[in-house]
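All values reported here derive from a predicted model rather than from experimental measurement.
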Amino acid sequence: MAVLLHRANDALNINPPDGDESLSVNGSDWLWAVTAIYVVSFLIFFATSFVARSGEKIFHYLFTIALLVGSISYFSIASDLAYVVVPVVNSKPVEAWDRQIFWSEYVNWVVSFPVVTIALGLLSGVSWATIFYNVALAWTWIVSYLVGAFTTSNYKWGFYAFGTAAYLLLASNTLIGGTTAAKRVGVARDHTLLASWINLLWLLYPIAWGVSDGGNKIGVTPAYIFFGVLDVLLVPFLSFAFLFLARNWDYGKLNLAFTRYGRVQQAGEFPEKTATAPAAPVVGEQTV
């Protein structure tokens, strides 16, 4: 019985940590818990996508992808894989000091941040151009932080500034522009609630990065406790919030009819398909 109840975390024995600042066993335990949250959430979302309403499926598809990628990312971090040891620039106790940087976390953000952005854009009813612009801002934000994390001089803070500027533009678009559009489709209350929650969490990411991969103020384990809490609240928690609120949305007003003609106002009614084409004039016949 004791053998059945005993569950040792051997990840760091199989994949020994590297670097002066590295993941601890307790940190790995926490990350396995985050992995479990992502995996269970993914299975629930994937299963419920088969019974979702037609317009609601797009949110299932988006968050299913984000949850699957998050599961893979946190599995790799909990296993002490997918990292690079980088020399530390700031807050180092001795001159030669380095730190584990898990690049798989940035892969997670490159997928999850645009997914959240697209879901919020579809809810608000903003144009596709605005959605693509916001996705590009999210990618600029994360890629700038990724480059900054691997920069071994104080020039990393330049990348941090560029990435944070992209975040501020994204926050402005989702809070101001998105809310204005959401009023037109009757979801202003829900959009404001979701956008405020998302941007509150997004506000904490620059702080978390600045004290961890950026400034080395906290170790690897505290950093991934911080990131893990933020990621769980941003993706698994938010995905179920979307699912709960979606029960009251009018998908006709949300303009979520996806066809080969694109995102159209009324799915299935295309005048150009039913109108009779004009007869071709006979050669030599004079047209009036």
Side-chain angles (χ1 to χ4, degrees), residues 18-23 66 69-70 73-74 76-77 82-118 120-121 129-178 195 198-231 233-235:
D18 196 4
D20 299 305
E21 293 277 357
S22 59
L23 186 67
V69 172
S73 173
Y74 272 98
S76 66
I77 302 172
Y83 69 86
V84 175
V85 176
V86 177
V88 170
V89 180
N90 307 112
S91 303
K92 51 185 178 180
V94 296
E95 185 60 31
W97 194 260
D98 47 36
R99 178 189 182 98
Q100 277 185 313
I101 303 291
F102 287 92
W103 53 261
S104 61
E105 179 69 292
Y106 294 87
V107 173
N108 177 36
W109 294 340
V110 162
V111 175
S112 64
F113 283 22
V115 162
V116 169
T117 300
I118 293 170
L120 202 58
T130 300
I131 292 175
F132 291 150
Y133 174 57
N134 288 342
V135 168
L137 287 174
W139 280 337
T140 303
W141 177 14
I142 300 311
V143 171
S144 296
Y145 279 17
L146 173 62
V147 175
F150 287 103
T151 301
T152 57
S153 70
N154 277 318
Y155 282 90
K156 67 167 54 190
W157 298 109
F159 294 106
Y160 176 77
F162 288 126
T164 304
Y167 150 67
L168 293 173
L169 290 173
L170 179 60
S172 174
N173 286 346
T174 53
L175 283 173
I176 301 174
I198 290 167
N199 279 281
L200 174 62
L201 295 173
W202 276 348
L203 176 64
L204 297 175
Y205 278 93
I207 298 172
W209 190 90
V211 299
S212 59
D213 291 354
N216 196 47
K217 291 291 186 181
I218 61 176
V220 175
T221 293
Y224 279 90
I225 293 174
F226 200 165
F227 286 140
V229 170
L230 291 178
D231 286 345
L233 293 176
L234 183 66
V235 181

**Asked** Who are the side-chain hydrogen bond (donor to acceptor under 3.5 Å, both in side chains) partners of Thr151, not counting sequence neighbours?
**Response** none
**Asked** Got a donor-acceptor contact below 3.5 angstrom from the Thr164 side chain to the Ala161 backbone?
**Response** no
N/O donor to acceptor pairs below 3.5 angstrom from side-chain atoms of residues 131-139, sequence neighbours left out:
unit_1	atom_1	unit_2	atom_2	d
Asn134	OD1	Asn173	ND2	2.9
Asn134	ND2	Thr130	O	3.4
Trp139	NE1	Val110	O	3.0

**Message:** Ser144: which residues meet the side-chain hydrogen bond (donor to acceptor under 3.5 Å, both in side chains) condition with it, sequence neighbours left out?
**Reply:** none
**Message:** Test your reading of the model: is there a side-chain donor-acceptor pair from Ser73 to the backbone of Val69, 3.5 Å cut-off?
**Reply:** no
**Request:** Please list all pairs passing the salt bridge (Lys or Arg N to Asp or Glu O under 4.0 Å) test where one or both residues lie in residues 98-107, with sequence neighbours left out.
**Result:** Arg99-Asp213
**Message:** Taking side-chain hydrogen bond (donor to acceptor under 3.5 Å, both in side chains) as the definition, give me every residue that meets it alongside Asn199, ordered by chain and number, with sequence neighbours left out.
**Reply:** Thr174
**Asked** Closest heavy-atom contact between Pro206 and Tyr167?
**Response** CG-CD2, 4.3 Å
**Asked** To the nearest 0.5 Å, what is the distance between CH2 (Trp209) and OH (Tyr160)?
**Response** 7.5 Å
**Request:** Identify the two heavy atoms, one from Tyr106 and one from Ala149, that lie closest to each other, and give their separation to 0.1 Å.
**Result:** OH-CB, 3.4 Å
**Asked** Which pairs pass salt bridge (Lys or Arg N to Asp or Glu O under 4.0 Å) with one or both residues in residues 133-154, sequence neighbours excluded?
**Response** none
**Message:** Going by side-chain contact (heavy atoms from CB on, under 4.5 Å), name the residues that satisfy it together with Val89, two or more places apart in sequence or in a different chain.
**Reply:** Asn154, Lys156
**Asked** Of all residues at least two apart in sequence or in a different chain, which pass the ring pair (Phe, Tyr, Trp, His ring centres under 6.0 Å) check with Phe227?
**Response** Trp109, Tyr224
**Fill in**
Sequence neighbours excluded, the answer for side-chain contact (heavy atoms from CB on, under 4.5 Å) partners of Thr152 is Val86, Pro87
**Message:** Just to verify, what does Leu201 make a side-chain contact (heavy atoms from CB on, under 4.5 Å) with, not counting sequence neighbours?
**Reply:** Trp197, Leu230, Leu233, Leu234
**Asked** In chain order, what residues pass the ring pair (Phe, Tyr, Trp, His ring centres under 6.0 Å) check against Tyr83, with sequence neighbours excluded?
**Response** Phe102
**Complete:** Sorted by chain and residue number, the side-chain hydrogen bond (donor to acceptor under 3.5 Å, both in side chains) partners of Trp202 (sequence neighbours excluded) come out as none
